[in-house]
Protein chains: 2
Amino acid sequence: MSTTQMMKGILDGCILAIIKNKEVYGYELAEKLEDYGFSNFSEGTIYPLLLRMQKEKLVTSTLKKSTAGPKRKYYRLTENGEQELQNFIERWEILQTNVNHVLAHETKKGKGV
Amino acid sequence: MSTTQMMKGILDGCILAIIKNKEVYGYELAEKLEDYGFSNFSEGTIYPLLLRMQKEKLVTSTLKKSTAGPKRKYYRLTENGEQELQNFIERWEILQTNVNHVLAHETKKGKGV
DNA sequence: CTCCTTTATCTTGTATTGCAAGGTATATGG
DNA sequence: CCATATACCTTGCAATACAAGATAAAGGAG
């Protein structure tokens with residue numbers, strides 16, 4: 001059991017949520033996720049994931065010049081992506097409900113963290 | 001993105017939580033998890049997971065006769081298992097906080113489910 | 001007794017996905 | 001030309017959920 005495993009299938013949703021608000025590029029996205037508290041994850045995670053999401057038509061990308069390096073690839077949500085984000089939110093809420101229900105089963109015995 | 005992927009590393013914690021309260025056997029555990037709302041998962045998920053947890057010394061097992069079939073293997077938490085359950089709860093709370101923070105970023109735009 | 005159903009466990013193989021490690025490309029400054 | 005920072009990509013590995021199928025024990029029908 002590790003934090004790694006708990007991220008499976010959840011990072012996707014978080015990325016969709018961030019992109020929805022405004023165009024972002026990969027490097028920037030990684031920084032934002034760190035700000036949100038998702039630590040210890042590398043570019044080896046984020047770039048393959050973005051490419052996968054583009055292949056699934058959840059996002060589109062546009063190259064734009066940067067002032068300080070190679071071109072940035074900005075991502076934007078497609079309609080499919082918005083739908084998928086909504087699906088993720090619903091699944092996440094159900095998951096939270098179920099897991100918290102199971103844990104309440106345990107913490108009711110008195111183990112306030 | 002699927003429900004399957006979102007379960008990674010989370011099922012472990014839920015199982016530990018259920019076992020903590022009272023000895024249960026695999027088949028029974030599967031039924032309980034379904035009651036808690038975890039649908040669509042099979043014995044091919046639960047038995048390998050229980051064996052893995054036993055190998056990691058998180059649980060111990062005892063065989064007991066059943067009135068209606070082969071022997072049942074009852075599982076019980078070890079001290080390591082209790083510790084791991086506490087670790088899981090902490091990780092789960094952090095994950096919830098982070099993901100909900102990201103989603104608030106999105107839902108603030110007005111999309112009440 | 002033999003066959004079938006229900007209960008209960010285990011094994012094998014596959015797909016998904018997070019991540020470390022390492023590689024490539026562009027702009028600026030010495 | 002070379003070093004550094006920014007930015008992106010590829011390869012290979014490890015963890016794990018699950019479908020499909022095998023095994024085993026007990027009770028009832030014929």
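Given the structure is predicted, the values throughout are model-derived calculations rather than measurements. Here is how names work: the chains are called A, B, and so on, in the same order as the sequence lines, proteins then strands, and each is numbered from 1. Reckoned from all heavy atoms, side chains included, excluding hydrogens, waters and symmetry mates.
- Contact of the B:Val59 side chain with the B:Leu16 side chain is registered, since non-hydrogen atoms from C-beta on lie closer than 4.5 Å.
- Side-chain contact check for A:Ile46 versus A:Leu33: some heavy-atom pair is nearer than 4.5 Å.
- For the pair A:Lys64 NZ and C:dA27 P, the interatomic distance rounds to 17 Å; values are reported in whole Å.
- Rounded to whole Å, the distance from CG on B:Leu49 to P on D:dA17 is 5 Å.
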Protein-proximity profile, nucleotides 6-12 of chain C, B/S/- by nucleotide at the 4.0 Å heavy-atom cutoff, equals -BBBBB-
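- Here the side chains of A:Tyr36 and A:Ile18 are in contact, with some heavy-atom distance below 4.5 Å.
- Counting only heavy atoms from C-beta outward, the side chains of B:Gln96 and A:Asn100 approach each other to under 4.5 Å.
- D:dC18 atom P lies 12 Å from atom CG of B:Asp12, rounded to whole Å.
- Per the geometry, CD1 belonging to B:Ile15 stands 10 Å off P belonging to D:dC18, to the nearest Å.
- Computed from coordinates, the B:Ile46 CD1 to D:dT16 P distance equals 15 Å when rounded to whole Å.
- Put simply, NZ on B:Lys65 is 10 Å from P on D:dG27, counting in whole angstrom units.
- Here C:dG18 presents its P atom at 12 Å from CD1 of B:Ile10, a figure rounded to the nearest Å.
- Ion pairing between A:Glu23 and A:Lys64 holds under the 4.0 Å rule for side-chain N and carboxylate O.
- Between the P atom of D:dA17 and the CG atom of A:Leu95 lies a distance of 12 Å, rounded to the nearest Å.
- Taking OG of B:Ser61 as the reference point, atom CZ of B:Arg76 lies at 11.0 Å (rounded to 0.5 Å).
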